[in-house]
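Just below is one structure, and these are the notes that go with it.
Worth saying up front: this structure is predicted, and the values here are computed from it rather than measured. Computation of the quantities below employed the complete heavy-atom set of this structure, encompassing side-chain atoms and omitting hydrogens, waters and symmetry-equivalent molecules. Residue numbering restarts at 1 for every chain, and letters A, B, ... go by the order of the sequence lines.
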Amino acid sequence: MTPSQSAQPTLRRAAIEAIERALAAAIRSGFLPPVAAGDAPLVIEVQRPAKPEHGDLATNVALKLARPYRRAPLEIAQAIAVELSREVEEDPTATPIASISVAPPGFINLHLSDAALDGVVARILAEPAGWGRVAARRPRRINVEFVSANPTGPLTIGNARGAFVGDVLCRVLEAGGHSVAREYYFNDSGAQIGKLGATILAIRTGQPIPEDGYHGDYTQALAAELPDAVLAEAAASGADAGAVVGSWAAGAVRTGIEASLDHLGVHFDVWKSEGSLHTEGWVERAIERLRAGGHVYVQDGATWFRSTTFGDDKDRVILRSTGEPTYFASDIGYVTEKFSRGFDELIYVWGSDHHGTVARVRNAAEAMGYDREAVRMLLIAWVRFVVDGVEVSMSKRAGTFITLDQLLDEVGVDAARWFFASRAPTSGIDFDIELAKKQSSENPVYYVQYAHARIASILRRAGEAGLEPADSVGSAIEGSAEARLAREIVRLPEVIEDAAALEEAQGITAFATELATAFHAFYRDAKVIEPTEPERSRARLALVAAAQHTLANALALLGISAPESM
RNA sequence: GCGCCUGUAGCUCAGUGGAUAGAGCGUCGGCCUCCGGAGCCGAAGGUCGCAGGUUCGAAUCCUGUCGGGCGCGCCA
């Protein structure tokens, strides 16, 4: 992204500013009374009308002002529309607006000018890579922690949603003008790792697997790979044998997890172990910080954080009566460690089963002097994985699970990414694996990819015919087929802006589908390659190329490939 | 019992207080002498769980209620 690209306001933003000027002008001229000093600042909302006859953009500002002004919304709308029209007439290049109309009960409908649409297309062609990215109004440095599965076994399909949602969230935030660090938190020591080690040791030495051990096939493979040196070290360590083998196994498992994530197209900037938070002193210092603030007390031999001060329903133990820190203590230390790296905001992508810990972590952050609003948890609802109508229950311990790798071998990364990106993270969803496989060729993702590939084919054929895209659509945009497609294309920055603000990705998939539909309609109505009409062909090729860049950039936000052919 | 999430077309799901609630799949009916038919056009299909309330306007906000999911450890 270059400054020239990012500095361009969206068409929507330009429209909002024009409305603000018109409102101010209407007040100056006495048509409308001044805004009272005590009133909350008016936020002008502009949206895409559902119906094309309502224009390209619409604002409800007159409806909002009706109550404080005690005036009919239509009158207010007309007063603002008059000023908007005056500006458009005096200088048609001042705004992207070509015409204004007022509709009951008080909407102001705006129509974009062909010149504005053409200008955007020209910018896309001049700089396709940065197209769609926007400058954040308040850029933040954001830490996004996701997946964070402990290395006790391979990633399962239970981890799929968090991995994809977290990854797409990062891409969206970056495109929205923020800087993002992707972070994976894990515990490679402790009781569960010890049990994993004990399991592997038992298999390797021909003993039965412990009751509370891990029964998946992968432990067999790990046992076979266990180096003799580690085995010898374990034997020499006596009671800690499980921990020694577990430590080695955790490393091996993590390597496998990284490979799986790589296959998904998910990459992390930081891998942080829970143990390091202790050895580096973060937990200890965080507890001291809470203690200094008077937020800690000792009872029954344990050390408690007074979480109720901040609205929690009970206080929380941070040091057990044995002196051992709890998992929550690590969380607290981690908060300080993350903020020490200069982040403005921490986002945790958690399974919804962790919602009970949200309040205490935010409370601790507040108690240590951080803004609790800067600590945000995105709770991902569970996915019911269903095979032949029967839910598959996952247990790493019991060894009954489907790995992420298996799922993606069957369903495909692009289809799986689309499936999760197109659904709200907070809503529980069913994933029928058989159905997903069966319908994969009819998955909406292929509809979008097909549009991209079709454009690639057109551009190839045009090149063979000696036709190259023009620098812009020019006067050809006055055609209705061109204008309709252009109206979809130019929305990308607004879609990204909204997605980044909402920290959601569904809008991207919806937009990509609508753009693909718009392209297919254009393809039906407008013949692109027409050697006898080279100028019009070149203009249409420009528009088609802009559509292709837009599709490619939208798909890239989702981590989905944009094929040249399929 | 308390807390968080959730209930929208036959199925799977979109829908940041706005105009006639949408998409994909499925069903039914049309469209290839022409740039890719993984496409296009059309039809059927909805008391937005239910009942109140706020608002000029509610699928959206509030209250209650019914159903589903998940939590409520000196586990992680």
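Distances shorter than 4.0 Å separate some side-chain N or O of A/R67 from OP1 or OP2 on B/C56. For the pair A/Y447 and B/C40, the criterion of a side-chain N or O lying under 4.0 Å from OP1 or OP2 is met. Between A/R320 and the phosphate of B/A76, there is a side-chain N or O to OP1/OP2 separation shorter than 4.0 Å.
Base contact: A/D300 has a heavy atom under 4.0 Å from a base atom. Residue contacts for A/A526: at a heavy-atom cut-off of 4.0 Å it reaches a base atom on one of the strands shown. The residue A/A302 sits close to a base: some heavy atom pair falls under 4.0 Å. A/T303 comes within 4.0 angstrom of nothing in the nucleic acid, heavy atoms only. Across all strands shown, A/S352 has heavy atoms under 4.0 Å from sugar-phosphate atoms exclusively, and none from any base. No engagement by A/T509 is indicated, since no non-hydrogen atom pair under 4.0 Å with the nucleic acid exists.
Applying the salt bridge (charged side-chain N to carboxylate O under 4.0 Å, His left out) definition to pairs two or more places apart or across chains, those involving residues 58-74 of chain A are A/R71-A/E75. For residues 152-165 of chain A, no pair satisfies salt bridge (charged side-chain N to carboxylate O under 4.0 Å, His left out), with sequence neighbours left out. The salt bridge (charged side-chain N to carboxylate O under 4.0 Å, His left out) pairs that include a residue from residues 412-427 of chain A are A/D167-A/R417, where partners are two or more places apart or lie in different chains.
Rounded to whole angstrom, the span from the NE2 atom of A/H452 across to the P atom of B/G36 amounts to 15 Å. Between A/R360 atom CZ and B/G3 atom C1' the separation is 12 Å, expressed in whole Å. Between the CG atom of A/L379 and the P atom of B/C70 there is a distance of 15 Å, rounded to whole Å. Spacing between atom CZ of A/R316 and atom C1' of B/G71 amounts to 11 Å, rounded to whole angstrom units. Here B/C40 presents its C1' atom at 9 Å from CG of A/D525, a figure rounded to the nearest Å. Whole-Å rounding puts the A/H354 NE2 to B/A76 C1' distance at 7 Å. Taking atom CZ of A/R460 as the reference point, atom P of B/G36 lies 8 Å away to the nearest angstrom. Atoms NZ (A/K51) and C1' (B/A21) sit 10 Å apart, rounded to a whole Å.
Taking the six-membered ring for Trp and the full ring otherwise, A/F431 and A/F419 have centroids separated by under 6.0 Å. Annotation: A/Y450 is in aromatic contact with A/H520 [ring centroid separation under 6.0 Å].
B/U8 sits 14 Å from B/U60 when the P atoms are compared, rounded to a whole Å. Comparing the C1' positions of B/G68 and B/C61 gives a spacing of 23 Å, expressed to the nearest Å. Nucleotides B/G24 and B/G15 place their C1' atoms 15 Å apart, quoted to the nearest Å. To the nearest whole angstrom, the two P atoms, one in B/C11 and one in B/G71, are 27 Å apart. Between the C1' atoms of B/U55 and B/C62, the separation comes to 12 Å (whole Å). Comparing the C1' positions of B/C13 and B/A19 gives an interatomic distance of 24 Å, to the nearest angstrom. Between the P atoms of B/G3 and B/G45, the separation comes to 42 Å (whole Å). If you take atom P in B/A23 and the same atom in B/G39, they sit 15 Å apart, rounded to whole Å.
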If a protein heavy atom is under 4.0 Å from the base, mark B; if only from the sugar-phosphate, S; if neither, -; do that for nucleotides 7-16 of chain B going 5' to 3'. -----SSSSB
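Taking the charged nitrogens against the carboxylate oxygens, A/R12 and A/D56 have no contact shorter than 4.0 Å, which rules out a salt bridge. Electrostatic pairing of A/R306 and A/D312 does not count as a salt bridge here, judged by no charged N lying under 4.0 Å from a carboxylate O.
With a glycosidic angle no more than 90° from 0, B/C32 adopts the syn conformation.
Here the side chain of A/T426 is nearest to one of B/C41, B/C34, B/U6, namely B/U6. When each of B/G36, B/G17, B/A76 is scored by its nearest atom to the side-chain atoms of A/A453, the top-ranked nucleotide is B/G36. Candidate nucleotides B/C74, B/G17, B/G73 were compared by shortest atom distance to the side chain of A/K64, and B/G17 ranks first. Nearest to the side-chain atoms of A/H520 among the listed nucleotides B/C40, B/C74, B/C70 stands B/C40. Distances were taken from every side-chain heavy atom of A/H355 (C-beta onward) to each of B/A76, B/G36, B/C4; the shortest belongs to B/C4. The side chain of A/N109 has B/A19 as its nearest neighbour among B/G36, B/A19, B/G24.
Taking a pair to require two hydrogen-bonding distances under 3.5 Å in either a Watson-Crick or a G-U wobble arrangement, B/U55 remains unpaired. With a cut-off of 3.5 Å on both pairing distances, B/A21 has no Watson-Crick or G-U wobble partner at all. Base pairing of B/G39 is made with B/C31, judged by Watson-Crick or G-U wobble geometry with both donor-acceptor distances under 3.5 Å. In a base pair of the Watson-Crick type (N1 to N3 plus N6-O4 or O6-N4) or a G-U wobble (N1-O2 and O6-N3), with each distance short of 3.5 Å, B/G46 is matched with no nucleotide. Remark: B/A9 base-pairs with no nucleotide; criterion is Watson-Crick or G-U wobble with both hydrogen-bond distances under 3.5 Å. Using the Watson-Crick or G-U wobble rule with both distances under 3.5 Å, B/C70 pairs with B/G3.
If you run side chain to side chain donor-acceptor pair (under 3.5 Å) between A/R540 and each of A/E535, A/E530, A/E482, only A/E482 comes through.
You won't find any donor-acceptor pair under 3.5 Å spanning the side chain of A/S457 and the base of B/C35, going by distance alone. With hydrogens and angles ignored, a donor-acceptor pair closer than 3.5 Å exists between the side chain of A/N60 and the base of B/G18.
Judged as a ring-ring contact (aromatic ring centres under 6.0 Å, His included), and not counting sequence neighbours, A/F186 has no contacts. Contacts of A/Y348 classified as ring-ring contact (aromatic ring centres under 6.0 Å, His included), with partners at least two apart in sequence or in another chain: A/W350.
Taking a centre distance below 5.5 Å and an interplanar angle below 30 degrees as the stacking criterion, A/F107 stacks against the six-membered base ring of B/A19.
Ring geometry, A/W304 versus A/Y297: the interplanar angle falls under 30°, so the pair is classed parallel (tilted spans 30 to 60°).
Across the interface with RNA chain B, nearest-nucleotide mapping of A/I108 and A/E564 shows A/I108 to be the residue nearer the 5′ end. If you find the closest nucleotide of RNA chain B to A/I458 and to A/T517, the one lying nearer the 5' end belongs to A/I458.
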